[in-house]
**Q** 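Take this structure first; my questions come after.
Naming: A, B, ... by sequence-line order, numbering from 1 per chain. Since the structure is predicted, the reported quantities are computational estimates derived from the model, not experimental observations.
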Protein chains: 2
Amino acid sequence: MTADKPLRADAQRNREALLAKAREVFDAGDFFDLRFDDFARLAGVGTGTLYRHFPTREALAEAVYHGEVATLCERARRLQATLPAAEALTTFLRGMVEYMDVHKGLARTLATLMADRSGALAEGSRALEQAVADLVAAAVRDGAVRGDVDAGAVTMALHGIGAAHDRPNWRAEADDVITLLLDGLRRPL
Amino acid sequence: MTADKPLRADAQRNREALLAKAREVFDAGDFFDLRFDDFARLAGVGTGTLYRHFPTREALAEAVYHGEVATLCERARRLQATLPAAEALTTFLRGMVEYMDVHKGLARTLATLMADRSGALAEGSRALEQAVADLVAAAVRDGAVRGDVDAGAVTMALHGIGAAHDRPNWRAEADDVITLLLDGLRRPL
DNA sequence: TTGACAAGTGGAGATGGCCTCCATATCTTC
DNA sequence: GAAGATATGGAGGCCATCTCCACTTGTCAA
């Protein structure tokens, strides 16, 4: 799944260049304003090369997304290993908002792609979703959190936060959503 | 704002036909799979006519959206007038999920358009948002709900629910989000 | 009614982005 | 260092979007 083909040296270089430029464009939030052809030139490769590496916009996004998701999942794992379950969950969710705030452009781009048909990002999403589910499950085992709601609800709310990234009062509202979620979860029923 | 121009009889008829067909296509969820030109033919008008009435896909969506939002706002107002504030809020939010469930295609289409840049739907959104804010404010006045969180958070969560419409376990998760939200709101702090 | 002007129509064709294709260049291996 | 494999890039085909205008339809005053 990870080591498909050895990939030639120049190919590797081009792929890297594309990903690097993509991350940059993502963060700037210009991903959808840019002609895909122009993006190739921007990254210093030909159109054909771009398309061979990433057949669609979504595929490119997915590739960028992968790295980010890995980071976030890693973070979840570390928190779970070092903190009491309830605290780990709280810290993780608060951190997600912070993360989205810092990486506005990226969060926005990903949210848009999520909303669009596709499920192109499904694989990456699943990993993140699993991480959240694990955190919630641990908190439930601890008795810190009610066990009668689907952890998917938390993921759903997170998606909502990401999707609403152009609201003028985004940060405050996002923090409040997390607050409500956490307080709702704590309530024994 | 409402009575811009008298609009000729045939124009009115065409406009109506477009809106009717649009609503139909929306509900079927085919809105994005359809060439815009073909949509014109489907509605029985020429391309030019379509574009004169609705310069963009978004404009068309906005027009459809308007009717729906009006209905929902009306519902909010009625609930607020006839039920205790806390109950009105609960009923409204539960109803929103039910509504989105029944009108899957429409909810999905709108969510996609929201996520895309634009803010084309901003005006309609604002009305709905105001309705939610009013419901929350009333509940706060009643002392049934905490006053330290922005009502926008509720709207944000609702957006999330709409945006996540392709999740396999959507309905259950959506209901759970509402549950968490309401329980979080009830908690005195 | 009818004539004359305004309002609206529709679809052919320009525009421009997306993607393919292949002659050429670059790596790798023996 | 030669052969084969792998990758490149950008010219050009394709197709959805949108414009434009010669024509049709509605409206209204006389």
**Q** Roughly how many Å is it from CZ in B/R13 to P in C/dA7, rounded to a whole number?
**A** 18 Å

**Q** Looking only at atom types and distance, does a side-chain atom of A/R57 sit under 3.5 Å from a main-chain N or O of A/F31, one as donor and one as acceptor?
**A**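 The answer is yes, because a donor-acceptor pair under 3.5 Å joins these two groups.
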
**Q** Between P on D/dA16 and CZ on B/R41, what's the gap in Å once rounded to a whole number?
**A** 13 Å

**Q** Answer yes or no: does a side-chain N or O of A/T49 lie under 4.0 Å from OP1 or OP2 of D/dG9?
**A**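 Yes, within the criterion.
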
**Q** If you go through the side-chain atoms of A/T47, does one of them form a donor-acceptor pair with the base of D/dG10 closer than 3.5 Å?
**A** yes

**Q** Please state how far atom CG in B/D33 lies from atom C1' in D/dA16, giving the value in whole angstrom units.
**A** 14 Å

**Q** Please give, in whole Å, the distance from D/dT17 C1' to B/L34 CG?
**A** 13 Å

**Q** Rounded to whole Å, how long is the line connecting atom CZ of B/R52 with atom P of D/dC20?
**A**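 Rounded to the whole Å, the gap is 13 Å.
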
**Q** Closer than 4.0 Å, any side-chain N/O of B/R57 to the OP1 or OP2 of D/dT17?
**A** yes

**Q** Considering only D/dG9, D/dA7, C/dG17, which nucleotide approaches the side chain of A/R35 most closely?
**A**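 Looking only at heavy atoms from C-beta outward on A/R35, the closest nucleotide is C/dG17.
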
**Q** Can you measure from CG (A/L7) to NE2 (A/H53) and round to the nearest 0.5 angstrom?
**A** 6.5 Å

**Q** Which nucleotide sits closest to the side chain of B/A11: C/dC27, C/dT9, C/dC18?
**A**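 Ranking C/dC27, C/dT9, C/dC18 by closest atom to the B/A11 side chain puts C/dT9 first.
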
**Q** Describe the nucleic acid contact of A/D10 in one word from base, sugar-phosphate, nothing, applying a heavy-atom distance below 4.0 Å.
**A** sugar-phosphate

**Q** A/H53 side chain N/O closer than 4.0 Å to the phosphate oxygens (OP1, OP2) of D/dA7?
**A**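 Indeed not, no polar side-chain atom of A/H53 lies that close.
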
**Q** Could you check whether A/R15 gets within reach of a base, just the sugar-phosphate, or nothing at all, counting any heavy atom under 4.0 Å?
**A**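 If one applies the 4.0 Å heavy-atom cut-off, A/R15 turns out to touch nothing in the nucleic acid.
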
**Q** Under 4.0 Å between any heavy atoms, over every strand shown, what does A/L7 touch: base, sugar-phosphate, or nothing? Just pick one.
**A** sugar-phosphate

**Q** Rounded to whole Å, please give me the gap between CG in B/L50 and P in D/dA16.
**A** 15 Å

**Q** Figure out the CG/C1' separation between B/D38 and D/dC18, and round it to whole Å.
**A** 14 Å

**Q** State, yes or no, whether a side-chain contact exists between A/L158 and A/I178 at a heavy-atom distance under 4.5 Å.
**A** yes

**Q** Write down the atom of B/L180, the atom of A/A153, and the distance for their closest heavy-atom approach.
**A** CD1-CB, 4.4 Å

**Q** So what does B/F36 touch, heavy atoms closer than 4.0 Å: a base, only the sugar-phosphate, or nothing?
**A**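 The residue B/F36 makes sugar-phosphate contact but no base contact.
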
**Q** Rounded to whole Å, please give me the gap between CG in A/D37 and P in D/dC14.
**A**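 About 17 Å, once rounded to whole Å.
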
**Q** Under 4.0 Å, counting only non-hydrogen atoms across every strand here, what does A/N14 touch: a base, just sugar-phosphate, or nothing?
**A**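 Sugar-phosphate only.
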
**Q** Do the side-chain N or O atoms of B/R8 get closer than 4.0 angstrom to the phosphate oxygens (OP1, OP2) of C/dA6?
**A** no

**Q** Is a side-chain donor-acceptor pair under 3.5 Å present for B/T179 with A/R146?
**A** no

